[in-house]
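Order of the sequence lines sets the chain letters (A, B, ...), proteins ahead of strands, with each chain counted from 1. Since we're looking at a predicted model, the values are computed, not measured.
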Amino acid sequence: MKAITQTLSELVSQAFAAAGYDPGLGAVTASDRLDLCQFQCNGAFAAAKLYHKAPFAVADQVAQVLQNDSAFSKVEVAKPGFLNLTLDDGYLLKQANAITQDPHLGIPQAPSPAAIILDYGGPNIAKPLHIGHLRSAIIGESIKRILRAAGHTVVGDIHLGDWGLQIGLVITELQQRHPDWRCFSPDFDPQADAVQPLTAAELNEVYPLASKKSKTDPDYAQRAHQATYELQNGRPGYLALWQEIRRASVADMKSNYQKLGVTFDLWYGESDAGRNIPRLMDILDQKKLLTESDGAMVVEVAEPQDKAPMPPVIVRKSDHSSIYATTDLATIIQREEDFHPDKIWYVVDNRQELHFTQVFRCAKKAGLVPAETELAFLGFGTMNGTDGKPYKTRDGGIMKLEDMIATVTKGAQEKLEASSFVDEADYEEMARRVGVAAIKFGDLINQRAKDYVFDLNKFFSFEGKTGTYLLYTVTRINSILKKAGAPRDPAAPISRVYTDSERELLLKILMTGDVFQKALGEKAPNYLCEHAYQLAIAFSKFYHDNRIIDEPDPEKKQSWLSLIALVRRVLCLLLELLGIEPVEHM
RNA sequence: GCGCCAAUAGCUCAGCUGGAUAGAGCAAUUGCCUUCUAAGCAAUAGGCCAGGGGUUCGAGUCCCUUUUGGCGCGCCA
């Protein structure tokens with residue numbers, strides 16, 4: 001079904017037309033002044049300019065037409081020319097009950113579903129997952145769910161960083177530690193020789209060290225580059241070792257992403273694009289896009305309208321190994337071949353914007369995707385510490401994702417242990433959900449593209465505008481519905497509006513479609529967070545003002561139960577879109 | 001140097017294509033649990049929306065400019 005403001009805009013547009021004005025002026029929005037009205041239309045101001053009339057006069061004419069409309073209980077014109085609209089309770093109920101019946105629970109469906117590849121996560125193998133990886137995973141997961149809820153087909157791809165210099169660094173360091181390993185021998189035989197098993201813990205220690213060494217030791221760095229080149233060119237021992245690095249690392253990642261409730265359809269990496277690199281180079285060569293520059297091969301992507309100098313993309317380094325632009329371009333070839341997507345979207349750190357601009361231009365120039373395929377960069381901001389600099393732990397290190405989840409989960413568990421509503425057997429799983437809800441909501445409530453200050457202590461309070469509050473609201477509803485007993489008709493409509501707090505609650509429910517469209521349009525889950533919070537507040541107020549279970553009037557009680565059942569469904573849907581799992585009790 | 005982004009309550013942030021009295025959470029002060037989960041509800045206090053120009057009937061929102069901060073600017077990803 002349509003979003004409510006869409007439906008109302010159509011009514012008001014007709015009224016504008018009936019009064020002799022452009023129907024395009026009839027856009028309705030939620031009211032800024034809930035004390036005056038529920039919805040408003042500011043079209044009279046624009047009409048005043050177009051038709052050289054006083055805004056008030058225009059609004060008044062339109063209001064005359066709308067007076068007769070049964071959808072509104074009150075149509076008023078205010079001061080300069082605001083058209084203030086309040087819905088008739090009967091209409092409000094009709095809309096709310098329609099949402100109950102709607103298979104999509106009021107979420108507007110995309111008129112033409114698109115095939116979208118969503119590239120998010122993007123961790124590097126051999127490096128531990130840390131909180132720098134959190135945003136891409138959480139935001140990507142939510143955007144994926146939002147797109148799917150609108151009816152789009154989405155393939156989520158983690159796009160592992162598994163083919164670059166970082167692997168060369170790890171190989172170099174391992175070689176220095178274990179020169180006797182068969183995989184380092186030039187005559188390594190993949191059929192006969194085995195590779196030493198590795199653990200994630202070991203890799204987590206090896207990479208940072210190797211990275212540090214390479215910065216101070218040019219010879220070490222040189223060997224890492226050489227190892228990268230040889231790996232990419234198929235040296236058997238390195239390939240076998242790389243496979244083991246990948247295996248150990250991916251196993252560790254999967255467990256962390258699972259805890260976070262983040263999933264991927266594809267676990268492809270840069271290496272999977274490797275086979276397309278020769279083809280990429282051929283295409284670039286055929287289209288005469290390649291230029292040699294300081295020993296590297298580059299593609300010019302500058303355009304006349306550029307405000308700042310646009311450097312060329314390097315597609316082959318001077319040591320002949322590939323770089324992230326190479327694998328990103330080769331990945332586009334693969335995605336086009338496998339899915340022929342309408343859109344490929346990248347949920348990546350803002351700092352990579354220039355890189356992706358270059359890659360997109362190069363891809364279009366080379367015709368890797370049709371001109372109409374949308375390649376878009378959905379950047380996100382950095383998580384800073386309270387000092388305004390990228391977040392560090394107290395000792396100056398980077399916080400591992402695993403540790404962060406464990407810390408918040410522990411805090412949640414302490415609270416749960418004090419609750420009489422949760423069985424001991426459920427502590428662990430419930431604590432995970434509560435902790436992860438706190439983390440996810442705390443992140444998603446922020447605007448995607450902006451940096452924000454991350455304060456771990458905030459997550460421990462489990463108070464106020466948090467994911468916890470949303471889960472708590474759901475558990476309160478659960479409690480009532482459970483205690484109200486079984487003989488309740490789940491399809492019974494909400495029959496009347498008895499109180500003000502109920503009306504506000506219904507209004508919030510009706511706005512869900514609008515908010516969803518906004519979140520979808522801007523790929524911005526924060527609107528859903530805010531709305532879920534608003535809905536929860538509206539429920540809490542209603543809950544506080546009215547005693548549902550003790551209500552003697554059976555019709556009223558039934559109506560209220562139907563109302564809160566709908567609130568629960570909408571709230572759970574919003575949580576699902578955010579990637580947050582509810583709990584039964586807490 | 002060039003470019004991009006930001007600056008709103010003590011702190012962390014909202015503020016929809018410019019609209020009517022700038023909103024939350026935390027922190028502070030104060031009420032509310034023999035009654036559906038107090039991880040809650042209600043209330044008080046807190047603002048020259050960084051400074052200065054401009055456009056407009058109307059600007060936190062658009063334009064210009066200054067200041068401050070963050071980020072980016074070929075062989076890391």
Side-chain angles (χ1 to χ4, degrees), chain A residues 27 29-33 35-36 40 42 45 48-49 55 78-82 84 122 124 127 161 164-166 169 211 214 225 270 293-298 306-319 321 323-325 327-328 348-355 358 379 381-382 384 386 388-390 412 415-416 418-421 434 445-447 449-455 457-458 461-466 468-469 471-473 475-484 514-515 518 522 526-527 530 533-534 537 540-541 543-551 564 585-586:
Chain A
T29 57
S31 168
D32 295 332
R33 291 286 303 273
D35 53 322
L36 300 178
Q40 61 182 350
N42 299 338
F45 293 106
K49 231 172 229 168
K79 283 186 273 177
F82 296 102
N84 290 346
N124 285 331
K127 291 192 207 178
L165 180 61
Q166 75 272 26
L169 285 164
S211 174
S214 72
H225 277 99
E270 296 171 329
S293 171
D294 294 336
M297 296 305 278
V298 305
D306 287 335
K307 278 190 185 169
M310 175 64 67
V313 209
I314 295 178
V315 292
R316 196 179 73 186
K317 295 195 279 188
S318 49
D319 68 2
S321 62
I323 187 169
Y324 63 141
T327 50
D328 279 334
V348 191
D349 190 296
N350 272 338
R351 288 170 288 196
Q352 291 198 43
E353 181 157 20
L354 179 62
H355 161 70
Q358 294 178 309
T382 311
N384 289 325
T386 38
K389 291 177 183 160
K415 297 278 273 183
L416 286 169
S419 165
S420 55
F421 297 97
V434 173
I445 186 74
N446 296 289
Q447 277 189 28
K450 278 173 77 169
D451 294 352
Y452 75 96
V453 174
F454 169 76
D455 184 358
N457 291 326
K458 248 182 169 176
S461 64
F462 298 106
E463 274 173 21
K465 195 172 188 174
T466 60
T468 312
Y469 178 66
L471 296 191
Y472 183 66
T473 305
T475 62
R476 283 172 138 187
I477 300 176
N478 288 342
S479 249
I480 300 171
L481 292 175
K482 195 175 166 194
K483 288 185 179 172
D514 276 280
V515 175
K518 190 159 185 53
E522 295 184 27
N526 61 302
Y527 293 107
E530 183 63 35
Y533 180 65
Q534 292 297 329
I537 285 181
S540 295
K541 194 177 161 72
Y543 173 90
H544 187 262
D545 292 351
N546 304 286
R547 297 205 54 81
I548 300 165
I549 289 185
D550 303 335
E551 175 52 45
I564 67 167
H585 302 293
M586 63 189 278

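For A:Y324, the ring-ring contact (aromatic ring centres under 6.0 Å, His included) partners two or more places apart in sequence, or in a different chain, are A:H355. Looking at residues two or more places apart in sequence or on another chain, you find a side chain to side chain contact (heavy atoms under 4.5 Å, CB included) between A:S214 and A:L169, A:Y220, A:A221. Partners of A:T29 under the side chain to side chain contact (heavy atoms under 4.5 Å, CB included) rule, at least two apart in sequence or in another chain, are A:Q40. A search for side-chain hydrogen bond (donor to acceptor under 3.5 Å, both in side chains) contacts involving A:N350 returns nothing, not counting sequence neighbours. The side chain to side chain contact (heavy atoms under 4.5 Å, CB included) test applied to A:E463 returns A:S461, not counting sequence neighbours. For A:D455, the side-chain hydrogen bond (donor to acceptor under 3.5 Å, both in side chains) test picks out no residue, with sequence neighbours left out. Listed by chain and residue number, nothing satisfies the side-chain hydrogen bond (donor to acceptor under 3.5 Å, both in side chains) test with A:Y543 (two or more places apart in sequence, or in another chain). In this structure, the side chain to side chain contact (heavy atoms under 4.5 Å, CB included) partners of A:N526, at least two apart in sequence or on a different chain, are A:Q447, A:A524. With sequence neighbours left out, A:K458 forms a salt bridge (charged side-chain N to carboxylate O under 4.0 Å, His left out) with no residue at all.
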Quiz prompt | Summary of protein contacts for nucleotides 55-62 of chain B, nucleotide by nucleotide, where a base hit scores B, a sugar-phosphate-only hit scores S (4.0 Å, heavy atoms) | solution = --B-----
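Among the atoms of the strands shown, none is found under 4.0 Å from any heavy atom of A:L169. Using a 4.0 Å heavy-atom distance criterion, A:E270 is classed as a sugar-phosphate-only contact. Within 4.0 Å (heavy atoms only), A:M586 reaches at least one base atom of the nucleic acid. At a threshold of 4.0 angstrom between heavy atoms, the contacts of A:N84 include nucleobase atoms, whether or not backbone atoms are also involved. Among the heavy atoms of the strands lying under 4.0 Å from A:D35 is at least one base atom, whether or not backbone atoms are also near. The residue A:N546 sits close to a base: some heavy atom pair falls under 4.0 Å. Contact annotation for A:H585: base contact, defined as any heavy-atom pair under 4.0 Å involving a base atom.
Across the strands present, B:rA6 finds its partner in B:rU68; the criterion is a Watson-Crick or G-U wobble pair with both atom distances under 3.5 angstrom.
Where stacking is scored as ring centres under 5.5 Å apart with planes under 30°, A:Y469 does not register as stacked on the base of B:rA39. An aromatic stacking contact links A:F421 with the base of B:rU37, defined here by ring centres under 5.5 Å apart and ring planes under 30° from parallel.
With salt bridges taken as basic N to acidic carboxylate O contacts below 4.0 Å, one links A:E522 and A:K518.
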Considering only nitrogen or oxygen atoms on both sides, find all protein atoms under 3.5 Å from nucleotides 1-3 of chain B and state each distance.
none

Between the protein and nucleotides 13-17 of chain B, list the N/O to N/O atom pairs that are separated by less than 3.5 angstrom.
| from | atom 1 | to | atom 2 | distance (Å) |
| --- | --- | --- | --- | --- |
| B:rC13 | OP1 | A:V453 | N | 2.6 |
| B:rA14 | OP2 | A:K450 | NZ | 2.9 |
| B:rG15 | OP2 | A:Q447 | NE2 | 2.4 |
| B:rC16 | O2' | A:K518 | NZ | 3.1 |
| B:rC16 | N4 | A:D32 | OD1 | 2.3 |

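Only the C1' atoms considered, B:rU68 is 35 Å distant from B:rU29, to the nearest whole Å.
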